[in-house]
Asker: 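The structure's right below; bear with me while I get my questions together.
For this chain, numbers begin at 1 and follow the sequence in order. All figures in this text were calculated on a predicted structure; none of them were measured in a lab.
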Amino acid sequence: MEKPKGEKGAAAQPRDDAGASEGEWSTRHSVLRSAQRAAALVNVLSADGPDAPGVASVTAVLREYGEQGPLDVTAQDVADMRTVSDRLRDVFAAPGVGAAAARLNKLLAEGCGPVRLTAHGGGTPWHIHLDGDDSAPWAEWFLASSCMALAVLLWDRQRAPGGLCASPRCDSVYITGGSGTARRYCSPRCATRERVASHRRAKEGRDTAG
């Protein structure tokens, strides 16, 4: 599923991926890891004002999630990826599994190519892609790889693959867990902050009533 974009136009570049065992590569580029990368990219690409995304911030996320070799991300790539991010956010915002599936189906039909297998010229184990080719633009790869990962998670878990943080002071997206109580917050920090705020409001209400 992963596209080692560092290989783009330079077959000899992906030394780290080519030298990794299939087990190491598969762990680094698993469906869950790819979905988590999608959420991380949506979050960084959604920033506005002084935190608006740049090449460095997007590249940092790609590195964190396993991309190797030189990454030829440009300012135009970031702008195009930001447009994709807005479309993917709609999947995370879906109110349930049916709506998430419908929104993913729309993106798969409109923005993804036919399923194909690639090994990037022998630099990686064989894996599936939905973008046009191994040198597809970053935005095309971002949409295709994210849609595939989110679709497989929905299929496997039979629940929406992600959500929007329930904190009114946060607009981050997150990947849902496989089972158990539905997740509502993007991080323990947001969950703790809202619990404290709720406790404070309840206490103030009791004090006022007393």
Asker: Looking only at heavy atoms, what is the nearest atom pair of P70 and R63, with distance?
Answerer: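 In terms of heavy atoms, the two residues are closest at CA-NH2, 4.1 Å.
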Asker: Is it the case that atom CZ in R189 sees more than 12 heavy atoms from other parts of the structure closer than 6.0 Å?
Answerer: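 Result for CZ/R189: open.
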Asker: What's the separation between atom CE in M148 and atom CG in L150, rounded to the nearest 0.5 Å?
Answerer: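 If we round to the nearest 0.5 Å, M148:CE and L150:CG are 11.5 Å apart.
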Asker: May I ask whether I175 and Y185 are part of the same hydrophobic cluster, defined by side-chain heavy atoms of I, L, V, M, F, W, Y residues being less than 4.5 angstrom apart, directly or through others?
Answerer: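 Different clusters: I175 never reaches Y185 through Ile, Leu, Val, Met, Phe, Trp or Tyr contacts under 4.5 Å.
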Asker: How long is the gap from OG1 on T59 to CG on L71, to the nearest 0.5 Å?
Answerer: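 If we round to the nearest 0.5 Å, T59:OG1 and L71:CG are 5.5 Å apart.
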Asker: Specify the closest pair of heavy atoms between L154 and A100, including all atoms of both residues, with the distance to one decimal.
Answerer: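 Minimum heavy-atom separation between L154 and A100: CD1-CB, 3.9 Å.
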Asker: State the SG-CG distance between C147 and L88, to the nearest 0.5 angstrom.
Answerer: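 It comes to 5.5 Å.
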Asker: Taking C-beta and beyond as the side chain, do D80 and W138 meet within less than 4.5 Å on heavy atoms?
Answerer: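 Side chain of D80 against side chain of W138, heavy atoms only: no contact under 4.5 Å found.
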Asker: Should S46 and R89 be marked as a side chain to side chain donor-acceptor pair (under 3.5 Å) after you check the CA-CA gap, both sets of side-chain angles, and the distance that decides it?
Answerer: CA-CA 9 Å; S46 297; R89 179 173 284 275; 3.0 Å; yes
Asker: Report the distance from atom CD of Q36 to atom OG of S30, rounding to the nearest 0.5 Å.
Answerer: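 Between Q36 CD and S30 OG, I get 7.0 Å after rounding to 0.5 Å.
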Asker: Run L117 and H127 through side chain to side chain contact (heavy atoms under 4.5 Å, CB included) and show every step you take.
Answerer: CA-CA 5 Å; L117 286 162; H127 58 287; 5.8 Å; no
Asker: To the closest 0.5 Å, what do you measure between SG (C186) and CG (N43)?
Answerer: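 So the gap between those two atoms works out to 7.0 Å.
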Asker: Considering all heavy atoms of both residues, which atom of A149 and which atom of A35 are nearest to each other, and what is their separation?
Answerer: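 That would be CB-N, 3.6 Å.
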Asker: Pair H129, H120 - check side chain to side chain contact (heavy atoms under 4.5 Å, CB included), show working.
Answerer: CA-CA 11 Å; H129 269 245; H120 298 283; 3.4 Å; yes
Asker: Identify the heavy atoms of L108 and A151 that sit nearest to each other, and give their distance.
Answerer: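 Closest approach of L108 to A151: CD1-CB, 4.5 Å.
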Asker: Show the nearest heavy-atom pair for residues A144 and C112, with the distance to one decimal.
Answerer: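 Reported closest heavy-atom pair: CA-SG, 3.7 Å.
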Asker: Do any N or O atoms from the side chain of S57 and from the backbone of G54 form a donor-acceptor pair under 3.5 angstrom?
Answerer: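 Yes, the answer is positive, given that a donor and an acceptor are paired below the 3.5 Å cut-off.
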Asker: Which atoms form the tightest heavy-atom contact between A40 and V61, and what is the distance?
Answerer: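 Result for this residue pair: CB-CG1, 3.8 Å.
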Asker: Taking the side chain as every heavy atom from C-beta outward, state whether L62 and L41 have any pair of such atoms under 4.5 Å apart.
Answerer: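 Touching, per the 4.5 Å side-chain cut-off.
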Asker: With the side chain counted from C-beta on, respond yes when L45 and F142 share a heavy-atom pair under 4.5 Å apart, and no when they do not.
Answerer: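 Yes; the side chains approach each other to less than 4.5 Å.
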Asker: Any side-chain heavy atom of C170 sitting closer than 4.5 Å to one from R193?
Answerer: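 A side-chain contact exists here, since the closest heavy-atom pair is under 4.5 Å.
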Asker: Verify, without hydrogens or angle tests, whether R157 (side chain) and T176 (backbone) share a donor-acceptor contact under 3.5 angstrom.
Answerer: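 Checking the backbone N and O of T176 against the side chain of R157, a donor-acceptor pair under 3.5 Å is found.
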Asker: Does any N or O in the side chain of R103 come within less than 3.5 Å of the main-chain N or O of D90, such that one atom is a donor and the other an acceptor?
Answerer: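 Judged by distance alone, yes, a pair lies under 3.5 Å.
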Asker: Atom CG in L153, atom CG in L104: separation rounded to 0.5 Å?
Answerer: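 The CG atom of L153 sits 10.0 Å away from the CG atom of L104.
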Asker: Does the side chain of D131 come within less than 4.5 Å of R116's, by heavy atoms?
Answerer: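 They are in side-chain contact.
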Asker: Where the side chain of Y174 meets the backbone of R183, is there a donor-acceptor pair that is under 3.5 Å apart?
Answerer: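 Between the backbone of R183 and the side chain of Y174 there is a qualifying donor-acceptor contact (under 3.5 Å).
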Asker: Verify side chain to side chain donor-acceptor pair (under 3.5 Å) between T74 and D77, making sure each step is shown before the conclusion.
Answerer: CA-CA 5 Å; T74 67; D77 289 324; 3.0 Å; yes
